[in-house]
Amino acid sequence: MATTDPRVDAYIERAAPFAQPILAHLRAAVHAACPDAQETIKWGMPFFLHGAHILGYMAAFKQHCAFGLWKGRGLAAAREPAEGMGQFGRLETLQDLPPQRELLQTLRRAVAQIDAGAAALRAPKGHDTKAPPEVPAPLAEALQHNEAARKTFAEFSSSQRLEYIEWIAQAKRAETCASRVAQTIEWLGEGKSRHWKYRAR
């Protein structure tokens, strides 16, 4: 039986009318492909867990929705979006999603990758003795699609990574989280730390 979270029900009910059927469809697809999936809210948006691991997330914005898989890179049905979070780009109608069969196959492959222990991100190199801080899922997913930003983030010290992580984690709304992730990727792509403006002075 699906493990649902009433906070996700509330999130869907608060979403714009166009977004509600998209979110409900994605939610049902996740539970169909992964019957043991658990729901929670992280960084202001619904997340789906498979065991102790993040399977994916969904978010509703003013004019579109987004759906991302934690280990979605390289999956057959996942697409590289022109814009927007997640593997499927801007979702404005149900027709923007892959056919149901492909969507379920993609979700099952993501579950299989988790079960196989596929690594989400290459472990950063350096001389830090502390364990690296947990990377928010939207940032980790965005880093997979930007080599320059990923390289900078991996080479940063734990404290430099933590500055970005805490900034994103403190976002109360999905829109704010998405905006901060986009800004983070831009700055990392340029080799900049979180507070580069002040340190340059």
Side-chain angles (χ1 to χ4, degrees), residues 1-72 75 77-78 81 84-115 118 120 133-142 144 165-182 184:
M1 184 176 179
T3 303
T4 60
D5 188 323
R7 294 175 298 171
V8 176
D9 293 310
Y11 184 94
I12 295 175
E13 290 173 2
R14 290 195 305 267
F18 84 90
Q20 293 179 10
I22 299 174
L23 298 176
H25 182 85
L26 289 167
R27 185 189 200 184
V30 168
H31 287 293
C34 182
D36 70 345
Q38 299 178 3
E39 299 179 352
T40 188
I41 296 291
K42 290 178 179 286
W43 304 292
M45 65 187 77
F47 272 72
F48 302 99
L49 308 178
H50 173 51
H53 303 278
I54 295 173
L55 173 61
Y57 63 89
M58 63 184 186
F61 304 99
K62 292 182 179 179
Q63 297 181 338
H64 73 283
C65 296
F67 181 67
L69 293 170
W70 180 249
K71 297 180 184 296
L75 297 180
M85 295 167 54
Q87 283 81 22
F88 303 104
R90 293 174 63 92
L91 302 173
E92 300 177 6
T93 69
L94 286 171
Q95 286 67 44
D96 293 327
L97 281 167
Q100 182 71 352
R101 181 177 178 181
E102 291 184 14
L103 179 59
L104 292 177
Q105 288 177 340
T106 301
L107 287 165
R108 290 180 182 124
R109 290 190 183 100
V111 171
Q113 287 190 0
I114 291 175
D115 290 339
E134 180 181 355
V135 181
L139 174 58
E141 196 279 327
Q144 293 182 31
I165 289 171
E166 289 183 339
W167 185 47
I168 293 170
Q170 289 166 1
K172 301 297 184 183
R173 302 178 59 190
E175 293 90 339
T176 304
C177 177
S179 175
R180 291 183 180 182
V181 168
T184 295

Would you give the length of the straight line joining atom [atom1] of [X] to atom [atom2] of [Y], rounded to the nearest 0.5 angstrom?
X	Y	atom1	atom2	result
Ile54	Ile114	CD1	CD1	9.0 Å
Tyr57	Ile41	OH	CD1	14.0 Å
Leu69	Gln144	CG	CD	10.0 Å
Phe18	Lys62	CZ	NZ	11.5 Å
Cys34	Leu55	SG	CG	5.5 Å
Gln38	Asp36	CD	CG	7.5 Å

If you take all heavy atoms of [X] and [Y], which pair is closest and at what distance?
X	Y	result
Cys177	Ile168	SG-CG2, 3.9 Å
Asp5	Thr40	OD2-CA, 3.7 Å
Ala174	Phe61	O-CE2, 3.6 Å
Ala59	Tyr11	CA-OH, 3.4 Å
Cys65	Ala19	SG-CB, 3.4 Å

Inset, instruction - Using a 4.5 Å cut-off on heavy atoms from C-beta on, say whether the side chain of Gln63 contacts that of Arg90. - result: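 Arg90 vs Gln63: side chains touch.
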Legend entry - pair Met58-Val8: side-chain heavy atoms closer than 4.5 Å: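 When only atoms from C-beta onward are counted, Val8 and Met58 do touch, with a gap below 4.5 Å.
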Contacts of type side-chain hydrogen bond (donor to acceptor under 3.5 Å, both in side chains), residue [X], not counting sequence neighbours:
X	result
Gln95	Thr93
Thr176	none
His25	Gln100
Arg108	none

Legend entry - Which residues share a salt bridge (Lys or Arg N to Asp or Glu O under 4.0 Å) with Glu166, sequence neighbours left out: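 Residues passing salt bridge (Lys or Arg N to Asp or Glu O under 4.0 Å) with Glu166: none at all.
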Inset, instruction - Sequence neighbours left out, what pairs pass salt bridge (Lys or Arg N to Asp or Glu O under 4.0 Å) with at least one residue falling in residues 9-21? - result: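 Counting only pairs at least two positions apart or across chains, the salt bridge (Lys or Arg N to Asp or Glu O under 4.0 Å) contacts touching residues 9-21 are Asp9-Arg27.
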Inset, instruction - Show your working on side chain to side chain donor-acceptor pair (under 3.5 Å) between His50 and Asp115 and close with a plain yes or no. - result: CA-CA 9 Å; His50 173 51; Asp115 290 339; 2.8 Å; yes
Inset, instruction - Give the ring-plane orientation class for His31 versus Phe48, where under 30° counts as parallel, over 60° as perpendicular and anything between as tilted. - result: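 Rings of His31 and Phe48: perpendicular, over 60°.
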